[in-house]
Each structure stands twice: as C-alpha cells, then as structure tokens.
Colleague: 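Sharing a structure with you now.
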Amino acid sequence: MAAREPAPEHVALLEKLIGALKTRGILTEEQLAAKKAATEKASPETGARMVARAWTDPAFRQRLITDGTAAAEEFGISLAGNPPLGVLEDTAELHHLVVCTLCSCYPRVVLGFPPHWYKSAAYRARAVRDPRGVLAEWGTMIPAGTQIRVVDSTADYRWMVLPVRPEGTEGWSEERLATLLGAEELVGVALPKLAQAKAA
Amino acid sequence: MDIQPAPTHHDLGGNPKYRCTAVEPENPALNDFDKRVDALRVVLREKGLITTDEQRLKIESLPPEEYFGLSYYEKWLKAMAAVLVSRGIVTWDEVS
C-alpha cells in the first residue's frame, strides 16, 4: 500500500521550488538523489540492535538507560544536530508508550521514519487520554496491575522504549533477538512476541 | 480563575474530537513525492537554509483545513516554501 498521492499543484510547487534553488546554484539533482537514496535505507534496525544488546549485556543496558545518545554512538550513529535520545525502561510493573502530541517528533536516526499512524491525529490525541484503548487496537493488552506511562517526544528530546525481554528467548543471539523488534515495539504500541518474529 | 488559552489546532494531546476515532495501524510506504520533499529538506537543513523550528512554525501556522486536509509531506513542502520566501532565498513569483 502506498501513501496518498499529492495534489498536482503541490507536485508543481515542489518542482518550481527545486528549479528556483537550482537556478541560484543552491541545489543539484545529484544532491537530492543522494539524500533520497539515504531515505530508502532508513529503518528501525539500529534501535532494534540497541535493545537486543541491552537484553544481553547488562553494562550496555545501563549505559543505554543513562545516556541514549552516547549508546547510539557505540553503534556508529551520530546524533549531531539532532535532539538527545532518551530510553524508557519497561518492567513488569511499568509500560511506556511514546507519542508526539504536537506533530511527529521521532528518533529518526535510530528508528527510521515515523510510521503513518504515529503522525495521525487520532494517535496524537488519544495516546495521552486513552492509552489502553489505543494499545488494544494493536491487540496489545497490558495487565491491569501494570502502570502505563505515556511520554511526549518533542523537538528538544526524543524517546525510544526498551521493552521487557520476552520469555522463551534464553540463549538467543543478539542478532536473533533484534528480529523481535520493530517500530511498534520500540514506540510501545506492541510487545515483542515470539510468534510475531519479524524477518531479519 | 482559569485563564489558560484554548490549545491551538496542532496541539492534539487529549483532544476529545478524536476520542472515538480508531488509529489505523497501517504504515504505507512513502511515495516518490514524499521522498523528494524529504530529500530537499535534508539538503536545505545541511546547508543551513532552514531549521526544524522554522519549518515547524510554518506547519503549525497552516489554517486548520490545510493542517488536517493535506498529506504530511504536502504540509512540509508548503512550510519549506514559506520559510525560503520569508528568508528571501526564493520569491513567491517563482514558486506560485
């Protein structure tokens, strides 16, 4: 399924804008192509690898919780020019859910592009008022005794969830554990599940 | 007395209007237009010709019918064009 196509007037606006910038020597088609190629590669893979390492390496787990930005740098990811990354540690008693009520703030460098639903008005409005109802739409049931803490990502600070490692994954490699994690698990709308292991 | 102003239209946290609107869990792939707008933003940002906050302000300044009616990247494009015009980098005549 593809995203909605833009109105013809907006396609025209984009090309006029690009044309004007090229005329002034500000922009080349090659520069655009290079950035577009980077877009095609964006994914939640780095975030998944960071969580998988935290599940297997207690020292890294501590560093990840203390300073997400520095932990990302251990994976060769620089957050220079981006807001800091905060990591929210789930436990049996506490589940985290991330939203950006004002727009679409999202730790792109580790999670790729914000998903369509993350940017939707319904998610932004309801995540803070009815988080359990929102989670139910993904089939995610958090036990009544578990507290849910909703955290607002902003232009100045971006958040990612460190979920609880699922049972039945004892002895798994970091690489295999990472296959349990995608954008939904790292934002907190879904829990990592063995039956839903994503393709590596 | 509570004199807190009403939230502006982009401030959606807890907005009761969407209380009964389901979140569609789909995540459609970006189309070529979306990717091209995104690429343009990255280039402009790296060249210091636009900041995230300037772009955000212009998105938030869109009238509600456009804020809720346009696609995500259509809004980005309109906001980027507005920033570049207000900085005097391009003129309205060139882009309209």
Side-chain angles (χ1 to χ4, degrees), chain A residues 1-7 10-11 13-21 23-24 26-28 31-40 81-83 99 101-104 113-130 133-134 137-138 150 152 155 183-184 189-190, chain B residues 7-47 49 52-53 56 59-60 67-78 80-81 84-85 89-91 93-96:
Chain A
M1 181 183 159
R4 210 184 76 201
E5 289 301 322
H10 296 129
V11 177
L13 171 59
L14 175 60
E15 295 315 319
K16 280 180 189 169
L17 190 59
I18 289 173
L21 292 166
T23 303
R24 282 167 170 68
I26 292 172
L27 182 73
T28 66
Q31 288 171 328
L32 277 179
K35 298 305 174 193
K36 199 172 161 199
T39 302
E40 315 263 359
N82 288 288
V99 63
T101 59
L102 293 178
C103 186
S104 55
F113 287 82
H116 186 72
W117 49 263
Y118 187 84
K119 303 181 286 193
S120 71
Y123 183 74
R124 289 162 53 192
R126 289 180 50 219
V128 291
R129 175 161 285 203
D130 177 26
V134 169
E137 279 163 32
W138 269 270
V150 183
D152 213 344
E184 295 173 355
V189 294
Chain B
T8 50
H9 61 266
H10 73 277
D11 187 358
L12 283 175
N15 188 326
K17 186 176 160 191
Y18 297 94
R19 197 163 51 195
C20 298
T21 307
V23 180
E24 302 294 341
E26 293 118 30
N27 186 25
L30 303 186
N31 58 40
D32 277 342
F33 171 85
D34 298 344
K35 290 177 192 168
R36 197 159 163 81
V37 171
D38 194 85
L40 178 59
R41 186 200 61 117
V42 176
V43 174
L44 293 174
R45 202 178 69 164
E46 287 182 0
K47 289 178 185 284
L49 297 175
T52 302
D53 288 326
R56 196 161 56 87
I59 292 172
E60 291 166 2
Y67 189 86
F68 294 105
L70 301 180
S71 78
Y72 186 74
Y73 286 98
E74 284 175 318
K75 288 191 275 189
W76 271 32
L77 171 65
K78 293 202 84 161
M80 282 196 295
L84 293 176
V85 169
I89 295 166
V90 299
T91 65
D93 286 347
E94 287 174 294
V95 295
S96 57

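Owing to the predicted nature of the structure, the values given are computational and were not obtained by experimental measurement. Just so it is clear: chains get the letters A, B, ... in the order the sequence lines come, proteins before strands, and each one is counted from 1.
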Colleague: Side chain from CB out, backbone as N, CA, C, O: work out which of these in B:Ser96 comes under 4.5 Å of a heavy atom of chain A, or both, or neither.
Modeller: backbone
Colleague: If you define the side chain from C-beta out and look only at heavy atoms, does anything of A:Glu5 sit under 4.5 Å from B:Asn31?
Modeller: yes
Colleague: Do A:Leu21 and B:Val43 have side-chain heavy atoms sitting under 4.5 Å apart?
Modeller: no
Colleague: Go through the atoms of A:Ala33 and report whether side chain, backbone, both or neither lie under 4.5 Å from a heavy atom of chain B.
Modeller: neither
Colleague: Looking only at heavy atoms, what is the nearest atom pair of A:His116 and B:Pro28, with distance?
Modeller: CB-CD, 3.5 Å
Colleague: What closest approach, in Å, do A:Arg4 and B:Ser71 show between heavy atoms, and which atom pair accounts for it?
Modeller: NH2-N, 3.2 Å
Colleague: So, for A:Ala121 and B:Phe68, which heavy atoms are closest and what is the spacing to 0.1 Å?
Modeller: CB-CE2, 4.5 Å
Colleague: What option among B:Asp53, B:Thr91, B:Val90, B:Leu77 has the most heavy-atom pairs under 4.5 Å with chain A?
Modeller: B:Leu77
Colleague: Of all residues at least two apart in sequence or in a different chain, which pass the salt bridge (charged side-chain N to carboxylate O under 4.0 Å, His left out) check with B:Asp11?
Modeller: none
Colleague: Could you measure the distance from the CG atom of B:Leu40 to the CD atom of A:Gln31? Nearest 0.5 Å is fine.
Modeller: 10.5 Å
Colleague: How many angstroms lie between SG in A:Cys103 and NZ in B:Lys75, if you round to the nearest 0.5 Å?
Modeller: 7.0 Å
Colleague: Non-hydrogen atoms of chain B under 4.5 Å away: do they reach the side chain of A:Ala20, the backbone, both or neither?
Modeller: both
Colleague: Among B:Asp38, B:Thr8, B:Val42, which residue forms the greatest number of heavy-atom pairs with chain A at distances under 4.5 Å?
Modeller: B:Asp38
Colleague: Using non-hydrogen atoms and a 4.5 Å limit, figure out which bit of B:Lys47 sits close to chain A: side chain, backbone, both or neither.
Modeller: side chain
Colleague: Taking all heavy atoms of A:Lys119 and all of B:Tyr73, pick out the closest pair and write down the distance.
Modeller: NZ-CE1, 4.1 Å
Colleague: Could you tell me which portion of A:Ile18 (side chain, backbone, both or neither) has an atom closer than 4.5 angstrom to a non-hydrogen atom of chain B?
Modeller: side chain
Colleague: Apply side-chain contact (heavy atoms from CB on, under 4.5 Å) to residues B:Val37 and A:His10 and explain how you reach the verdict.
Modeller: CA-CA 10 Å; B:Val37 171; A:His10 296 129; over 6 Å; no
Colleague: With a 4.5 angstrom heavy-atom cut-off, which part of A:Phe113 approaches chain B: side chain, backbone, both or neither?
Modeller: side chain
Colleague: Using non-hydrogen atoms and a 4.5 Å limit, figure out which bit of B:Ile89 sits close to chain A: side chain, backbone, both or neither.
Modeller: both
Colleague: Using heavy-atom distances under 4.5 Å, tell me whether B:Leu70 contacts chain A through its side chain, its backbone, both, or neither.
Modeller: both
Colleague: Could you report the tightest heavy-atom contact between B:Ala22 and A:Ala122, atom names first, then the distance?
Modeller: O-CB, 3.8 Å
Colleague: Which answer fits B:Asn15, side chain, backbone, both or neither, if we ask what part of it has an atom under 4.5 Å from a heavy atom of chain A?
Modeller: both
Colleague: Is there side-chain contact between A:Thr23 and B:Glu94, with at least one heavy-atom pair below 4.5 Å?
Modeller: no
Colleague: For each of A:Val150, A:Ile26, A:Asp130, tally heavy-atom pairs with chain B at distances under 4.5 Å, and name the one with the top tally.
Modeller: A:Ile26
Colleague: List for me each residue that meets salt bridge (charged side-chain N to carboxylate O under 4.0 Å, His left out) alongside B:Glu46, sequence neighbours excluded, and say none if there are none.
Modeller: A:Lys35
Colleague: So, taking the atom named CG in B:Asp34 and the one named CG in A:Leu14, what distance separates them when rounded to the nearest 0.5 Å?
Modeller: 10.5 Å
Colleague: Specify the closest pair of heavy atoms between B:Val23 and A:Trp117, including all atoms of both residues, with the distance to one decimal.
Modeller: CG1-CB, 3.9 Å
Colleague: So, A:Arg129 side chain and B:Arg19 main chain: donor-acceptor pair closer than 3.5 Å or not?
Modeller: no
Colleague: Calculate, to the nearest 0.5 Å, the distance between atoms NZ and CG belonging to B:Lys35 and A:Leu32 respectively.
Modeller: 14.0 Å
Colleague: Could you tell me which of A:Lys16, A:Glu137, A:Glu15, A:Arg124 has the largest number of non-hydrogen atom pairs under 4.5 Å with chain B?
Modeller: A:Arg124
